[in-house]
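Below, chain A is the first sequence line, B the second, and so on; all start at residue 1. Below, each value reflects all heavy atoms present in this structure, side chains not excepted, and no hydrogens, waters or symmetry copies.
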Amino acid sequence: MDLLATAAATSDHPMLEVRDVRMSFDDNVVLKGVDLTVHEHEVVSLIGASGSGKSTLLRCINLLEQIDDGQILLDGVDITDPRADSDKVRAQIGVVFQHYNLFPHMTVLDNVTLASRKVLRMGKAEAAERGRAMLERIGVGDKCDVYPDQLSGGQQQRVAIARAIVTNPKILLLDEITSALDPILVGEVLDLVIDLKREGATIIMATHEMSFAKHISDAVVFLEQGVICEKGTPEQIFEHPQHPETENFLKRVLDWMN
Amino acid sequence: MSKHPTAYDPAEFEQEYHTSDIELQRRTFRRKQTGKSVLISLFSTLIFVVVIVAVLSRSSGWHAVQKTFFSPHYFMDSLPAVAKGLLTNIEILFFAAIGVAVLSTLIALARTLQSPVTFPLRFLAASYTDLFRGIPLLLVLYLIGFGVPGLGLFGRIDPILLGTIALIINYSAYVAEVIRAGILGVHPSQRAAARSLGLTYGQTMRLVVLPQAVRKVIPPLMNDFVALQKDVGMVSVLGIIDAVRAAQINVALSFNYTPYVVAACLFIAMSFPVIRVTDWYANRRRHREESSGVV
């Protein structure tokens, strides 16, 4: 934990409130009433098996899916209200996907500055300056003018993170951002996430990296079949799981790793 | 249960569930929004139609055009002959479609061969597609329809057969390129996986690559099929009494152009089901393949 000694203290201000959210694809009920609050500067990890609803929950928060019931509040504003402008809402939420999803027909710098230019209507020069500074910061300052396919997976994912945070979103959603990476490249991406946490970013991440989740999270949420089975501090969840389902899941994941 | 901070039982969660007031309000709001949008679109469509009708009916020549193109009398009069002609079109379409499917697949396969030994085949296939995509269909019809009988090699040949062959030759060149694109679109790892199982090149193509390739290109293939459906009308230049020719004859008899409209209507009626099926298929596949959510 000493790594995070300088991390900004979490505040009492709820940045994201998920209230009794339900969501289904046709007959398949994916979320069965999920409640979750993420405070400002807080890092919350979602763990659970594939199909437990982690990704769907993130997609609902980003309004990529329409929920069937419940409410989601971003910084106190109900973003599930049909009157809300979903484009404006999404502009305030940064998302990083498992497969980077960089735009292959644009240079790295254009990828990073696209939202600044087209959504925030920033001038080209200013956007480029901020983009360059951001790329410099994440250690790919020399790659501004190359195309994404010339970067390693780790570099691509860091650029994807840069693209998500350059517009100063209120919250950052990370959807299994290391799952597609070569193990040797995972570290450089996770280091960047630690940096973000230290700077006070509010983050929700779905992850299979248990040790990382344990290390960085302020709270860990275990999802099972669309329900929050257990939530607590990393110590509670990983050292003293209260629920047999949690225990079983962790045992299977961690046994296999050892 | 008190030991556990949250009661976990999915079944229980579902049983207790009643739609919340917030969600009901949202649904009401969305329904109203949809209602509004439908009203606006209906209204704008109505205005559009009224304007078109007004402009047409006020034009000075409208009356004459109506008489020469949309005469109910000549419509009913020529319908049986034109419809009978359409049967010939359908017959040609049936055999042409089968011929195109076979020939184009062979050409596409020839073009994707890799080995240096097969260079002549590849070259032939490439020349074929280059050549016949460049020649207008009308010229191919003339060349085959009048040139082949001119050789005098086969005795008298039914022009319907010649027309069908001309269509097959022309369309196979296009369709082969579509199928080739499909074959190239199947990820090379699929080929690697199939060959790793010990399948031969032919088996790999037939059992693994082609089925995926064809599925990928079904929408453009259907598009070509619709194009073929109306291009069968071109065989009329060979003197075949198809729908177009039958309409022409009726026009010549009466100096009224309504029979052409009859033929057009019949061709539309013929292509409509295929167009709808294509749309339906494309939508279904999109729905299945990607859960892209609401954006």
Taking atom [atom1] of [X] as the centre, does the number of heavy atoms from other residues, nucleotides or ligands within less than 6.0 Å exceed 12?
X	atom1	answer
B:L39	CG	yes
B:F29	CZ	yes
B:R215	CZ	no
B:Y201	OH	yes
B:Y281	OH	yes

note = For A:D69 and B:S20 the tightest heavy-atom approach is OD1-OG, 2.5 Å
Minimum heavy-atom distance between A:I67 and B:R26, given as atom pair plus value =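 Taking A:I67 first and B:R26 second, the nearest heavy atoms are CD1-NH2, 3.9 Å.
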task = Check each atom of A:D26 against the heavy atoms of chain B and say whether the ones under 4.5 Å are side chain, backbone, both or neither.
result =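 When you check distances to chain B, only side chain atoms of A:D26 fall under 4.5 Å.
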key: Region of A:S86 in contact with chain B, defined by heavy-atom distances below 4.5 Å   =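 No part of it gets close to chain B.
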query = Of the backbone (N, CA, C, O) and the side chain (C-beta and beyond), which part of B:R30 lies under 4.5 Å from a heavy atom of chain A, both, or neither?
reply =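 B:R30 touches chain A through side-chain heavy atoms alone.
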